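Side-chain atoms are counted along with the backbone in the values below, which use heavy atoms only and exclude waters and symmetry mates. Because the structure is predicted, anything quoted here is derived from the model rather than measured.
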There are 2 protein chains.
Amino acid sequence: MRIGELASSTGVSVRALRYYEEQGLLASTRSNGGQRHYGDAAADRVHLIQMLYAAGLSSRTILDLLPCVDAKVSTPQSRALLNAERARIDEQITRLVQARDRLDAVIAHSQSSASGCTTADAAAVAA
Amino acid sequence: MRIGELASSTGVSVRALRYYEEQGLLASTRSNGGQRHYGDAAADRVHLIQMLYAAGLSSRTILDLLPCVDAKVSTPQSRALLNAERARIDEQITRLVQARDRLDAVIAHSQSSASGCTTADAAAVAA
DNA sequence: CTGGAACCTGACGCTGACGTTAGAGGCAAG
DNA sequence: CTTGCCTCTAACGTCAGCGTCAGGTTCCAG
């Protein structure tokens, strides 16, 4: 499949895919004319990359991490790397939960002091 | 208290505090000479701002949110805003947990298959 | 009153993950 | 062979949250 198809099937922009390749995160074979071709596994790889980006990892960190994911072998270094990143994600989750709790407190106060709590409000809360 | 003291007591840089003020997130009174002075509540405010930043909110969103936090009154709009941001944080937490699970799977696989650990692999990981 | 630390206002720099032209070439259909 | 869409590289633009430097001012201890 070519880059446009991979882009639309993954929901990632063509530019981003080229950027991933530039960063060494995503490989491609080239046609005679130089156009990128991808196998079926590429979509999964892109999803994984996206997920790690969403977890706040930098492309550099992902670059370090991906060989650990690909490799069937495991080194102390790779395990350490994986665990370190896991810990960082954990920490981020903790901070997010704290922030959410803080917002919840504000919301609770906001609603208790709301004299007229209409149906629209209930809908907003449910959403 | 002056800006340096607030900075060191909150662990936030002086530059960041000025930036917060520039963004309308943090108020200060000024001395005759133009120097910023802060009350005791400022530290809490800074911590809250930091927490919201850590939750991935933009300064613009925080700017919208803070009046809701400050206000003793609650409007449908403010409640909707609070709930929307809560939802976004929730979503982010979900994605982070997914990423963590994904990493956990990799880690589990990595540890079960930890047998042949060559120097080449270590070098590849280090690189 | 004076020296030096702390503060002030610009304003440019930086990083990361792309967006966005621009100009040129590849590729399948008719 | 041509049309037209897709793709290519190269390179500049963007945005947020500050870091940092420059040049000047304020404050307070001694």
Exercise for the section: Provide, to the nearest angstrom, the distance between the OH atom belonging to Y53(B) and the P atom belonging to dA16(D). Expected result: 10 Å
Handout entry: Flag side-chain contact, heavy atom, 4.5 Å: L66(B) against L48(B)
Key = yes
Handout entry: Sorted by number, the residues of residues 26-46 of chain B with heavy-atom contact under 4.0 Å to DNA chain C
Key = R30(B), G34(B), Q35(B), R36(B)
Fill in the blank from the handout: From CD of Q23(B) across to P of dC15(D) the rounded distance in Å is 13 Å
Problem - End-to-end axis angle, where each axis spans five pairs of the helix from dC1(C)-dG30(D) to dG30(C)-dC1(D), to 10° - result: 10°
Problem - Side-chain donor-acceptor contact under 3.5 Å, R2(B) with Q35(B) - result: yes
Handout entry: Residue pairs involving residues 36-57 of chain B (criterion side-chain hydrogen bond (donor to acceptor under 3.5 Å, both in side chains); sequence neighbours excluded)
Key = Y20(B)-Q50(B), E21(B)-R36(B), R45(B)-D70(B)
Handout entry: d(CD, E5(A); P, dC5(D)) in whole Å
Key = 18 Å
Problem - R79(B) backbone acceptor or donor facing N83(B) side chain under 3.5 Å - result: yes
Problem - Residues which pass side chain to side chain contact (heavy atoms under 4.5 Å, CB included) with E91(A), listed by chain and number, not counting sequence neighbours - result: R95(A)
Problem - For chain A, the stretch of DNA chain C it reaches, first to last nucleotide, under 4.0 Å of its heavy atoms - result: dA17(C) to dC27(C)
Exercise for the section: Please list, by residue number, the residues of residues 12-21 of chain B whose heavy atoms come closer than 4.0 Å to an atom of DNA chain D; answer none if no residue qualifies. Expected result: S13(B), R15(B), A16(B), Y19(B), Y20(B)
Exercise for the section: Count the heavy atoms belonging to other residues, nucleotides or ligands that lie under 6.0 Å from CZ of R60(B), then report whether that count exceeds 12. Expected result: no
Practice task
Output every pair passing ring-ring contact (aromatic ring centres under 6.0 Å, His included) with a member in residues 74-107 of chain B, not counting sequence neighbours, ordered by first then second residue.
Solution key: none
Handout entry: Closest heavy-atom pair and its distance - Q92(A), A55(A)
Key = OE1-O, 2.9 Å
Practice task
Indicate if L57(A) and M51(A) have the same hydrophobic cluster label, given that clusters are the connected sets of ILVMFWY residues with side-chain heavy-atom separations under 4.5 angstrom.
Solution key: no
Exercise for the section: State yes or no: do V69(A) and I49(A) share one hydrophobic cluster built from I, L, V, M, F, W and Y residues joined by side-chain heavy-atom distances below 4.5 Å, directly or via other members? Expected result: yes
Practice task
Considering non-hydrogen atoms only, spot the tightest contact between R30(B) and S28(B) and give its length.
Solution key: NE-OG, 3.7 Å
Completion exercise
When rounded to the nearest 0.5 Å, the distance separating CZ of R86(A) from CG of D104(B) is 4.0 Å
Completion exercise
The side chain to side chain contact (heavy atoms under 4.5 Å, CB included) partners of A43(B) (sequence neighbours excluded) come to L6(B), T10(B)
Practice task
Following the transitive rule for hydrophobic clusters with a side-chain heavy-atom cut-off under 4.5 Å over Ile, Leu, Val, Met, Phe, Trp and Tyr, establish whether V12(B) and L26(B) coincide in one cluster.
Solution key: yes
Exercise for the section: Report yes if the side chains of S59(B) and Y19(B) come closer than 4.5 Å at any heavy-atom pair, otherwise no. Expected result: yes
Practice task
Taking side chain to side chain contact (heavy atoms under 4.5 Å, CB included) as the test, write out the residues that go with V14(A), two or more places apart.
Solution key: I3(A), A7(A), R18(A)
Completion exercise
Applying side chain to side chain contact (heavy atoms under 4.5 Å, CB included) to L81(B) and not counting sequence neighbours gives D64(B), L65(B), C68(B)
Exercise for the section: Tell me whether L96(B) is reachable from V97(A) by hopping between hydrophobic residues (I, L, V, M, F, W, Y) whose side-chain heavy atoms are closer than 4.5 Å. Expected result: yes
Problem - Positions of residues 85-103 of chain A (non-hydrogen atom under 4.0 Å from DNA chain C), listed by number - result: none
Exercise for the section: Using a cut-off of strictly less than 4.0 Å between a heavy atom of the residue and any atom of DNA chain C, enumerate the qualifying residues of residues 56-64 of chain B by number. Expected result: none
